[in-house]
> 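Sharing a structure with you now.
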Amino acid sequence: MFAQLAAYAMGAVLIGAMVFEARTGRIPNWLTLVPVGLFVILLVISADRSAMLWQLGLGAVAFAIGILLYATAGMGAGAVKLLAGVALFVPLSKGWLALGVFVGAIFASAILIKLLRKSFASEDSEWLIFAKAVLPMSWPIGAAGLAVLFVL
């Protein structure tokens with residue numbers, strides 16, 4: 001029961017992160033800590049922890065890759081933490097599929113933002129994606145996370 005609720009909570013976290021970053025360009029730290037808290041609760045109440053330990057390893061790998069991207073100015077710190085948090089909920093068997101969705105969503109998000117900026121761009125907009133030419137990385141992270149949680 002809690003596992004299903006955790007999936008819905010993760011969906012809400014991902015959608016919230018996508019909206020926050022589109023508007024402000026930042027993902028709040030408290031929002032990136034929710035996946036870790038949910039995962040710890042699942043780890044404590046789970047009868048079979050072996051699969052979850054593999055997911056913990058996947059989260060660590062995602063965090064390490066994210067840190068490398070952060071160091072090369074390819075990703076913000078909030079997006080790195082969100083990526084690692086989402087990876088905690090990706091079953092190991094769907095890891096490569098989630099990576100493929102993530103990469104595809106980067107390109108789709110770039111196209112979508114370009115189209116949105118064409119229609120709604122304004123230097124004085126309160127939404128960062130309309131004021132500046134940026135790609136919020138929470139969008140592809142969110143797309144991959146939502147796909148793994150609810151579609152794949």
Side-chain angles (χ1 to χ4, degrees), residues 1-71 74-113 116 120 125-132 134-152:
M1 171 82 175
F2 185 78
Q4 290 174 334
L5 293 176
Y8 289 120
M10 275 302 299
V13 165
L14 292 172
I15 292 168
M18 294 164 79
V19 171
F20 269 112
E21 192 175 17
R23 182 159 172 97
T24 65
R26 303 189 74 213
I27 302 171
N29 283 331
W30 64 266
L31 193 59
T32 62
L33 291 176
V34 172
V36 175
L38 289 171
F39 185 77
V40 167
I41 292 170
L42 282 173
L43 191 61
V44 168
I45 66 173
S46 176
D48 179 26
R49 293 186 180 98
S50 61
M52 298 189 84
L53 293 176
W54 283 104
Q55 287 174 248
L56 187 61
L58 189 62
V61 168
F63 186 74
I65 291 170
I67 291 293
L68 290 174
L69 289 172
Y70 174 76
M75 188 181 272
V80 170
K81 293 178 276 188
L82 184 66
L83 178 66
V86 169
L88 293 173
F89 289 88
V90 175
L92 192 60
S93 62
K94 294 183 181 179
W96 288 109
L97 192 56
L99 180 63
V101 171
F102 173 69
V103 170
I106 289 174
F107 294 109
S109 296
I111 292 168
L112 178 62
I113 290 199
L116 287 172
F120 303 107
S125 176
E126 292 181 10
W127 289 78
L128 183 73
I129 60 169
F130 299 139
K132 296 183 179 179
V134 296
L135 172 64
M137 289 305 292
S138 62
W139 286 25
I141 294 168
L146 291 170
V148 168
L149 288 170
F150 300 110
V151 179
L152 305 176

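Quick note: numbers below take in every heavy atom, side chains included, and nothing from hydrogens, waters or symmetry partners.
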> Do you know the tightest heavy-atom contact between G16 and L31?
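Heavy-atom minimum between the residues: C-CD2, 3.8 Å.
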> Do any pairs count as a salt bridge (Lys or Arg N to Asp or Glu O under 4.0 Å) and have a residue in residues 9-24, sequence neighbours left out, and if so which ones?
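Qualifying pairs: R23-E126.
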> Taking side-chain contact (heavy atoms from CB on, under 4.5 Å) as the definition, give me every residue that meets it alongside Y8, ordered by chain and number, with sequence neighbours left out.
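Listed in chain order: F150.
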> Would you say that M18 contacts P136 through its side chain, given a criterion of any heavy-atom pair below 4.5 Å between the two side chains?
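Of all side-chain heavy-atom pairs linking P136 with M18, none is under 4.5 Å.
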> Which residues satisfy the ring-ring contact (aromatic ring centres under 6.0 Å, His included) test with Y70, sequence neighbours excluded?
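ring-ring contact (aromatic ring centres under 6.0 Å, His included) check on Y70 returns nothing, list empty.
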> Compare all side-chain heavy atoms of L14 with those of L82 and state whether any distance is below 4.5 angstrom.
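L14 reaches L82 side chain to side chain.
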> Any pair with a residue in residues 25-38 that passes side-chain hydrogen bond (donor to acceptor under 3.5 Å, both in side chains), sequence neighbours left out, goes on the list, sorted by first then second residue, please.
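Listed once each, the pairs are N29-K81.
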> Please report the shortest heavy-atom distance between I27 and S138, naming the atom on each side.
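So the two residues come closest at CD1-CB, 3.8 Å.
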> Identify which one of L135, V80, L68 satisfies the side-chain contact (heavy atoms from CB on, under 4.5 Å) criterion when paired with M75.
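Among L135, V80, L68, the one that satisfies the side-chain contact (heavy atoms from CB on, under 4.5 Å) with M75 is V80.
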> Show me the side-chain donor-acceptor pairs of residues 86-113 shorter than 3.5 Å, one per line, residues at least two apart or across chains.
unit_1	atom_1	unit_2	atom_2	d
K94	NZ	L152	O	2.5
S109	OG	A105	O	2.7

> Could you go step by step and tell me if F63 and I67 meet the side-chain contact (heavy atoms from CB on, under 4.5 Å) rule?
CA-CA 6 Å; F63 186 74; I67 291 293; 3.7 Å; yes
> Under the salt bridge (Lys or Arg N to Asp or Glu O under 4.0 Å) definition, can you give me all pairs with a residue in residues 139-152, not counting sequence neighbours?
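Found none.
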> Work out which heavy atom in A62 is nearest to a heavy atom in A84; give both atom names and the distance.
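Smallest heavy-atom distance, with atoms named: CB-CA, 4.2 Å.
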> Restricting to non-hydrogen atoms, name the atom on M52 and the atom on L42 that form the minimum distance, rounded to 0.1 Å.
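So the minimum-distance heavy-atom pair works out to CE-CB, 3.4 Å.
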> For G11 and L149, which heavy atoms make the closest approach, and how far apart are they?
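Smallest interatomic distance, heavy atoms only, reads N-CD1, 4.2 Å.
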